[in-house]
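This is the structure I want to talk about, given as structure tokens.
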Number of protein chains: 2
Amino acid sequence: MAKKKELDINTEAKIKNAAKNVFHKKGFAATRTRDIAEAAGINLALLNYYFRSKEKLFHIIIQETMQDFMKSFHGIFNDEKTTLDEKLELVASHYIDLLVEQPDIPIFILSEIRNNPEELKEKFQSRHLFFESVFAKQFQKEVEQGKIVNLSMSQFMMNLMGLLVFPFVASPLIKATSELDDTAYQEQMLQRKKLFPIWMKRIMYTKEGN
Amino acid sequence: MAKKKELDINTEAKIKNAAKNVFHKKGFAATRTRDIAEAAGINLALLNYYFRSKEKLFHIIIQETMQDFMKSFHGIFNDEKTTLDEKLELVASHYIDLLVEQPDIPIFILSEIRNNPEELKEKFQSRHLFFESVFAKQFQKEVEQGKIVNLSMSQFMMNLMGLLVFPFVASPLIKATSELDDTAYQEQMLQRKKLFPIWMKRIMYTKEGN
DNA sequence: GTCTATAACGTGATAGAC
DNA sequence: GTCTATCACGTTATAGAC
């Protein structure tokens with residue numbers, strides 16, 4: 001039988017899990033190791049026993065967070081069997097579900113990169129991930145065919161990420177300005193799963209002067 | 001004659017200016033008052049003499065930053081004489097110029113709001129700013145006329161902010177993944193001044209099944 | 001108003017008993 | 001492995017001379 005779901009058994013995992021939650025919510029500078037220990041239900045000394053230092057623990061967390069976040073892009077963007085449009089639908093569906101579950105991830109990654117650009121950027125080696133993907137080839141082909149106009153690949157990627165991720169980065173603001181409670185906000189996000197591909201296609205395929 | 005440009009005269013202003021730069025770049029938790037004092041070229045004690053505490057100084061800075069950032073929206077969105085399309089062009093032109101000059105503002109505001117949602121959200125009372133503006137009325141009218149489809153006002157505002165602001169929030173990442181140096185990145189941003197309105201119109205006015 | 005010196009406190013990390 | 005107690009240090013804030 002497979003290993004039982006380890007909720008309380010492994011204290012190392014308990015600490016890591018607590019660290020993930022607290023770091024994601026408050027960022028490196030604002031979290032105290034005591035917060036993590038408390039959230040894990042263990043003593044402060046144990047944290048250093050298992051992970052040596054706050055920094056070491058943090059590196060593990062941000063490393064895994066970035067990796068987990070990016071890995072789905074790779075799978076979706078490099079599938080030879082799906083069209084460009086289908087990839088957009090898959091990306092929206094997958095990432096909006098993910099971000100509804102863990103909305104703190106983008107602002108966590110972005111603000112930590114701001115605080116440590118040189119070190120963290122390289123972990124995020126997404127250059128080839130985006131620009132040398134099957135997706136990029138399909139995109140380029142449609143540009144050459146004149147189907148896509150007024151939109152380079154890099155501008156397109158900014159638009160994609162902006163439409164996909166920004167509503168989560170700005171969620172506290174959106175909730176406030178739109179007077180949405182948590183469930184109403186979440187409904188809006190889920191709605192975007194079907195609307196995002198529509199908007200992206202409009203951006204790609206519409207030509208001015210119709 | 002108007003008051004001379006005060007670069008060195010007023011030390012209070014010197015401190016405030018240094019605080020703005022440092023806070024914008026590193027956020028509240030990661031900045032030390034010593035950093036600010038050093039950047040201002042003054043002694044640490046003077047900071048407390050003028051502003052009592054790090055927190056008080058911070059509140060002044062974030063307050064003014066938010067206000068400065070939002071105030072142009074009000075002017076542009078409530079002009080009865082411009083059309084919806086013209087407002088989009090004005091917003092893009094104004095804000096992209098602003099953000100090229102001060103790219104740290106959005107990530108600063110967003111990450112500080114994350115760390116203190118209840119307190120800071122209310123300062124950002126942009127509800128009526130967006131949803132009770134002339135812009136909102138013009139938008140609503142086009143929805144009723146069937147010109148705008150598959151796009152509510154709140155979803156539209158998320159898209160607008162996402163396309164406008166996200167490339168600056170994610171600038172370190174974009175520079176890394178697109179292998180752009182600073183000037184190339186800036187050119188891309190300036191290009192968006194004319195592309196943004198095009199894309200927004202595509203999102204608003206295209207109907208599926210053309 | 002501006003400085004130096006220092007107090008007061010919070011936080012990361014460790015020693016050492018169990 | 002896990003805990004309590006404590007150290008070592010950095011940072012905010014203030015006292016007091018000038």
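A note on names: the letters A, B, ... follow the listed sequences, proteins ahead of strands, and every chain is numbered from 1.
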Taking side-chain hydrogen bond (donor to acceptor under 3.5 Å, both in side chains) as the test, write out the residues that go with A:N48, two or more places apart.
-> none

Who are the ring-ring contact (aromatic ring centres under 6.0 Å, His included) partners of A:F73, not counting sequence neighbours?
-> A:F77, A:Y95, A:F130

Could you tell me whether B:K175 and B:D182 have a side-chain N and a carboxylate O separated by less than 4.0 Å?
-> yes

So, is A:T11 near the phosphate of D:dT2, with a side-chain N or O under 4.0 Å from OP1 or OP2?
-> yes

Does the ring of A:F28 carry A:K54 above it, NZ/CZ under 6.0 angstrom from centre and within 45° of its axis?
-> yes

Kindly write out the residues that satisfy side-chain hydrogen bond (donor to acceptor under 3.5 Å, both in side chains) with A:N150, not counting sequence neighbours, or none if the list is empty.
-> none

Write out a two-atom table: protein N or O, nucleotide N or O from nucleotides 13-18 of chain D, distance below 3.5 Å.
from   : atom 1 : to    : atom 2 : distance (Å)
D:dA13 : OP2    : B:K54 : N      : 2.8

Calculate the interatomic distance between A:R32 atom CZ and D:dG10 atom C1'; express it in whole Å.
-> 16 Å

Tell me which nucleotide among D:dT11, C:dT11, C:dG1 gets nearest to the side chain of B:Y50.
-> C:dG1

side-chain hydrogen bond (donor to acceptor under 3.5 Å, both in side chains) involving B:E38 - partner list, sequence neighbours excluded = none

Pairs where residues 35-55 of chain B contributes a residue and the test ring-ring contact (aromatic ring centres under 6.0 Å, His included) is met, not counting sequence neighbours = none

Distance-only check: which donor-acceptor pairs under 3.5 Å involve side-chain atoms of residues 58-65 of chain B, not counting sequence neighbours?
from  : atom 1 : to     : atom 2 : distance (Å)
B:H59 : NE2    : B:E119 : OE2    : 3.2
B:Q63 : NE2    : B:Q67  : OE1    : 3.4
B:E64 : OE2    : B:K16  : NZ     : 2.9
B:T65 : OG1    : B:H24  : NE2    : 2.9
B:T65 : OG1    : B:I61  : O      : 2.7

Going by atom type alone, with no hydrogens or angles, which donor-acceptor pairs under 3.5 Å involve a side-chain atom of residues 161-168 of chain B and a protein atom two or more places apart or on another chain?
none

For atom CG of B:L57 and atom P of D:dT11, their distance in whole Å | 17 Å

Would you kindly give the CD-to-P distance between B:E12 and C:dG1, to the nearest whole Å?
-> 9 Å

To the nearest 10 degrees, how far apart in direction are the end axes of the helix from C:dG1-D:dC18 to C:dC18-D:dG1, each fit to five base pairs?
-> 10°

D:dT2 P sits how many Å from A:I15 CD1, rounded?
-> 8 Å

A:F51 CZ to C:dG12 C1', straight-line distance once rounded to whole Å | 16 Å

Among all residues two or more places apart in sequence or in another chain, which pass the side chain to side chain contact (heavy atoms under 4.5 Å, CB included) test with A:N21?
-> A:N17

Could you list by number each residue of residues 16-25 of chain B showing a heavy-atom separation from DNA chain D of less than 4.0 Å, or answer none if no residue does?
-> none

For A:R52, what residues pass the side-chain hydrogen bond (donor to acceptor under 3.5 Å, both in side chains) criterion, not counting sequence neighbours?
-> none

